[in-house]
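A, B, ... follow the sequence lines: proteins, then strands. Residue 1 opens every chain.
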Amino acid sequence: MFSTAVLFPFSTIAGTASKTLDFLIGFLQLRHLRNHTTSSSADEDLLSRFLRISQKFPKPNPNPHPIPNPDPLPLDPFHWNSLMKSSLRSDRPDEALRLFHEMLRSGVPPSLRCYTTAMDALVSSRRFAEAESMFHDMVASGVSPDAAAYGVLLKMYSFHLRDFDSAYALIGLMAGSGCAPDVVAYSTLIASLCRSRRTEEAWRVLDRMLGEKCSPNCRTYTPILRAYCAEHKIDEAKMFLEWLRTVDCPPDTICYNVLIDGLCKVGDFDGVESLFRESGSRGWEPDDVSYNTYIDGLCKAGRAHEGFQQLEVMLEKGLSPTTVTLNILLDCLCRESDVREVSCLLERSSELGFEVDVLSYNIVMSRLCSVREWSAVLKHFTDMLKKGVRPNTYSFNIIIDSLCKGGKYRKAKCVFDSGGFVPDVVTYNTLIHGMFLAGMTNELRFLFADMEREKIAPDTTTCNLMVDCLCRENNFSDAIDVVRNFRCVSSQEPVAHLTYWFVKSGRLSDLLMLFEEMFDRGWVPDSQVYDFLIRAFCRKGSCTSKEIYRICLILDRMLEVE
DNA sequence: ATAGGGTTAG
């Protein structure tokens, strides 16, 4: 990695931010001139363009840590709730809960609003059982829940736990307790169903709403629109958007932004252009998010220069780039240019005069992690702490990943056990993967158990890891059960992993039997299963063995189905 | 005044 002192000798330049910028642009142009290859001169150009425009990004707040009033506590429940809400808004549920308990200690009886906020804080910390029991405590203390209080539980069941039976039961309970579910409740449920790819069911909820004369609005419909886009059903999405006009819910900019994202994901940039062209006559105006989405789409499609061009268009329209825009460009620069140079940009963001956030750090740190610059990752992590940028679960996941990849398994486990963040499925997957490679079998057992206890739903990667762990210990029957019980239509990765291990251990008859069973259930293998199968055979050197006949049998069978 | 309606990471 470059020494930053050599690249940016700011310590010797006691200039203003703009002088610094001039220097930096000059420096990059110099490098540009020195470089003769066309491909890297294009890279340089992106960096220069970035720096030219960086003055338009939000400026860092000169005083990011206002010293809190040392003697607050005048407090009635309303004020307590305001404090708790502001903690929650700045993503500090722990702080909100601390306030709640302080309020209890000071003898102020919590209002309905306070209970609701505290429950919300518990839910966002994934402390679900406690959220439920707080609800019961509240009722027991004579405070009756309103739609908002039920709403927190509904969000917990539907969004977090994806336990839709409980969610429906709660909706029923609401109706029976004189607090009939409203647009907000139904919209929460619909959004959660769509996120769990249960769009059909979301439509049924919509029908039920209409049956109860509860009018949906744009926020109710947007998740459905998003579901169409996620499935690349752009024509359906467009029709749905037009249909909204006929049900007296003219789509707003947010709806159009969902469509823009969908168009970008299928690479239909002309489609985006024509949406923008016709926006005025269709009754909406693109906003900063519209352009962010478009710019990101272009950058991800390898059309970074066009992306940067749209930034100019955005400015011409009087829209201001945000920190999200900055992050989109940082991500783009990481891929199109040298990660280490972007790393230096981030390090010097204050001098360069733009505000960075958690995501800026996470983006650069994860890129640094993938080029094995682990010490740089840790350096940025400490930098962000110094700057008062609070790391989130993503940041911790990157740190854990870096430590594992750098062979510091114990340190990774310490970070995990520190309790300074709320782990998610990726945290567990990262650590499990690390422990698997390190051969720390006992730790693995604990981690899987932890995950279950914390009610963190396993994803495809978890399932792959389970298969790998079980097979390595020759526990093939449990591995088969994992694959059988894992309901994830979108992926065959776990099957591919199982296939690999079956071949590796020479259990070809068992593999054939499993395949037959799955064929009978209408299974069609995908290219990933082939890939693992072929790789396993190659690694085993089976091509010369007498098993080749059976391999051909399997491959033929698969090809026939494909 | 209750909605994880939209963009950035893996």
Side-chain angles (χ1 to χ4, degrees), chain A residues 81 85 91 112-113 116-117 119-120 123-124 145-156 158-160 174 179 181-192 194-196 202 216-227 229 244 249 251-262 264-265 284 286-297 299-300 307 314 319 321-332 334-335 356-370 391-398 400-401 424-427 429-430 433 459-461:
Chain A
N81 190 43
K85 283 199 98 63
D91 197 24
L112 172 60
R113 297 270 162 263
T116 307
T117 310
M119 278 163 47
D120 207 0
V123 169
S124 47
D146 66 352
Y150 280 113
V152 175
L153 288 188
L154 189 64
K155 178 172 76 175
M156 175 177 95
S158 60
F159 189 86
H160 290 275
M174 285 174 80
C179 183
D182 56 0
V183 214
V184 178
Y186 282 122
S187 302
T188 305
L189 189 53
I190 288 171
S192 305
C194 290
R195 202 183 73 111
S196 301
N217 58 29
C218 273
R219 290 174 78 135
T220 321
Y221 289 121
T222 310
I224 298 174
L225 182 63
R226 222 185 144 196
C229 291
L244 287 184
C249 179
D252 58 9
T253 299
I254 293 183
C255 293
Y256 277 100
N257 287 346
V258 172
L259 183 59
I260 290 167
D261 191 41
C264 286
K265 295 268 150 60
W284 68 284
D287 64 2
D288 53 336
V289 178
S290 320
Y291 278 95
N292 287 344
T293 310
Y294 187 27
I295 291 168
D296 184 53
C299 289
K300 291 234 163 68
M314 186 177 176
L319 294 167
T322 63
T323 306
V324 176
T325 324
L326 166 73
N327 291 338
I328 287 166
L329 298 180
L330 281 179
D331 180 52
C332 175
C334 282
R335 278 178 285 109
V356 294
D357 67 1
V358 214
L359 241 78
S360 323
Y361 279 101
N362 290 352
I363 289 163
V364 177
M365 287 195 306
S366 66
R367 299 292 173 201
L368 284 167
C369 179
S370 60
N392 60 16
T393 299
Y394 268 82
S395 328
F396 280 98
N397 291 346
I398 297 163
I400 289 172
D401 195 26
D424 66 1
V425 64
V426 179
T427 320
N429 290 344
T430 307
H433 185 72
D459 65 1
T460 308
T461 307

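Across all strands, A/Asp357 comes closer than 4.0 Å to no nucleic acid atom at all (heavy-atom distances). Across all strands shown, A/Asp287 has heavy atoms under 4.0 Å from base atoms, whether or not it also approaches the sugar-phosphate. Counting non-hydrogen atoms under 4.0 angstrom, A/Asn429 reaches nothing in the nucleic acid. Contact annotation for A/Asn362: base contact, defined as any heavy-atom pair under 4.0 Å involving a base atom. Among the atoms of the strands shown, only primed sugar atoms or phosphate atoms (P, OP1, OP2) are found under 4.0 Å from some heavy atom of A/Val258.
Contact check, A/Lys300 against B/dA9: a side-chain N or O comes under 4.0 Å of OP1 or OP2.
Under the ring pair (Phe, Tyr, Trp, His ring centres under 6.0 Å) criterion, A/Tyr291 pairs with A/Phe276, not counting sequence neighbours. Residues meeting the side chain to side chain contact (heavy atoms under 4.5 Å, CB included) test with A/Ser196, sequence neighbours left out: A/Arg162, A/Phe164, A/Arg198.
With A/Asn397 as the partner, the side chain to side chain donor-acceptor pair (under 3.5 Å) test is satisfied by one option alone out of A/Asp424, A/Asn429, A/Asn392, A/Asn362: A/Asp424.
In this structure, the side chain of A/Arg226 does not engage the main chain of A/Val258 through any donor-acceptor pair within 3.5 Å. In this structure, the side chain of A/Asp357 engages the main chain of A/Ser360 through a donor-acceptor pair within 3.5 Å.
To the nearest angstrom, P of B/dA9 lies 12 Å from CG of A/Asn292. One can place CG of A/Leu329 at 17 Å from P of B/dT7, the figure rounded to the nearest angstrom.
Taking every side-chain heavy atom of A/Val289 into account, B/dT7 is the closest of B/dG5, B/dA9, B/dT7. Comparing atom distances between the A/His160 side chain and each of B/dT7, B/dA9, B/dG4 picks out B/dG4 as nearest.
Taking the side chain as every heavy atom from C-beta outward, A/Leu359 and A/Leu330 never approach each other to under 4.5 Å.
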Check: protein-nucleotides 1-3 of chain B nitrogen or oxygen pairs below 3.5 Å:
unit_1	atom_1	unit_2	atom_2	d
B/dA3	N1	A/Asn217	ND2	3.1

